[in-house]
Protein chains: 2
Amino acid sequence: MSGFLGTYTVNLDEKGRLNVPSKFKNILENKYGAQLVTVAMDGYLIVFPHLEWEKNENRMDEMAPLNPKERDEVRPYLSSASDCEVKSGKILVPAFQREAVGLTKEIVLVGMSKTFEIWAADQWKSAAAKKR
Amino acid sequence: MSGFLGTYTVNLDEKGRLNVPSKFKNILENKYGAQLVTVAMDGYLIVFPHLEWEKNENRMDEMAPLNPKERDEVRPYLSSASDCEVKSGKILVPAFQREAVGLTKEIVLVGMSKTFEIWAADQWKSAAAKKR
DNA sequence: ACGATAGTGTCAATTTGTGTCGAATTGTGT
DNA sequence: ACACAATTCGACACAAATTGACACTATCGT
């Protein structure tokens, strides 16, 4: 297996869950596990298998907890993150993240090797249009 | 579990308590315990699980007790701090801290890995707006 | 001791999250 | 192209978390 590759169009169900495509599911089961961390960026979510997320976390945890400047630096990332889990083959995207990046129903999963991304389908289309 | 992550909007009840979201509650129960220390910063409260607070305390205890400069540095933090506890799944924020950071009803909990923060909802919104 | 204020535990109604299952769709081998 | 297997979809029923209110307890000052 070569990490997360390709794009998949899927739908969120009425509670905001998405079905993980079987290719991604296999990678998670074989290389990682069910634990994930999602981070909202400008326009999309990044999904980290827990193992990959830890690399970032260790860096952030070195901050001096009573130093406001240092807190300000990491807050945007941590505050927009969430840990979640693949359950019954599905991922629940928390409401605050769905709102943060404007996910409604149709979404696109984009493989990015060690991580993958979740885009609102219309965002993805217009981003793709801009590319060329 | 990856520490405190994400943002949660909750309301203080009529006595100034907040419901701890279950994700945070699980982390506290599994990794820490019910004992917390809250510190007022400029605009928000930091909530330390007791174990994490001790790390600061150790650092502060190294200061020379007869050195006024060093005393001046730590005084603002300690004087604005309070210890509290999760009881029946809720945290009572002491009145003087609610006033210190202007908490009324709607508040936002912000995960910061080893700690989390309590913001007044309007403060949080205007801070977020400034970011970009 | 008294009332006033602040703090605590509990509950029912609502909202949100989870597991399952059949039907529809897609993929695979022949 | 066909039959069969695997995957995906959407819906439902159930479980858990959240909310807001209420009643009760402790604490404080007079």
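Here is the naming used below: chain letters follow the sequence lines, and residue numbers restart at 1 for every chain. Predicted model, so just to flag it, every value in this text is computed and none were measured. Computation of the quantities below employed the complete heavy-atom set of this structure, encompassing side-chain atoms and omitting hydrogens, waters and symmetry-equivalent molecules.
- Each end of the helix from C:dA1-D:dT30 to C:dT30-D:dA1 gets its own rotation axis from five pairs of C1' atoms, and the angle between them is 40° to the nearest 10 degrees.
- With salt bridges taken as basic N to acidic carboxylate O contacts below 4.0 Å, one links A:Glu52 and A:Lys55.
- In this structure, A:Glu70 contributes its side chain and A:Ala64 its backbone to a donor-acceptor pair below 3.5 Å.
- Checking side-chain atoms of B:Arg17 against main-chain N and O of B:Val93 turns up no donor-acceptor pair under 3.5 Å.
- Residues of residues 106-124 of chain B having a heavy atom closer than 4.0 Å to DNA chain C: none are found.
- For the atom pair CG (A:Leu5) and NZ (A:Lys23), the distance works out to 8.5 Å, reported to the nearest 0.5 Å.
- Applying the side chain to side chain donor-acceptor pair (under 3.5 Å) definition to pairs two or more places apart or across chains, none involves residues 103-114 of chain A.
- On the nucleic acid side, DNA chain C contacts chain B at distances under 4.0 Å to non-hydrogen atoms, with the end points of that region at C:dG7 to C:dT10.
- Remark: of the listed residues B:Phe4, B:Phe48, B:Tyr32, B:Phe4 is the sole one forming a ring pair (Phe, Tyr, Trp, His ring centres under 6.0 Å) with B:Phe116.
- One hydrophobic cluster, built from ILVMFWY side chains closer than 4.5 Å, holds both A:Met63 and A:Val37.
- Ring pair B:Phe24/B:Tyr8 is perpendicular by interplanar angle, where above 60° counts as perpendicular and below 30° as parallel.
- A search for ring pair (Phe, Tyr, Trp, His ring centres under 6.0 Å) contacts involving A:Tyr44 returns A:Trp119, not counting sequence neighbours.
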(Q) Please evaluate residues B:Arg75 and B:Asp72 with respect to the criterion salt bridge (charged side-chain N to carboxylate O under 4.0 Å, His left out), reporting the C-alpha separation (whole Å), side-chain torsions for both, the decisive distance (0.1 Å), and the verdict. (A) CA-CA 5 Å; B:Arg75 189 177 302 109; B:Asp72 290 347; 3.0 Å; yes

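- With respect to the salt-bridge test (charged N to carboxylate O, under 4.0 angstrom), the residues A:Lys125 and A:Asp122 do not qualify.
- Across every non-hydrogen atom of A:Thr38 and A:Cys84, the tightest pair is CG2-SG, 4.0 Å.
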Q. When every nucleotide of nucleotides 8-18 of chain D is labelled 5' to 3' by its protein contacts under 4.0 Å (heavy atoms), B for base, S for sugar-phosphate only, - for none, what sequence of letters results?
A. SBBBBB---SS

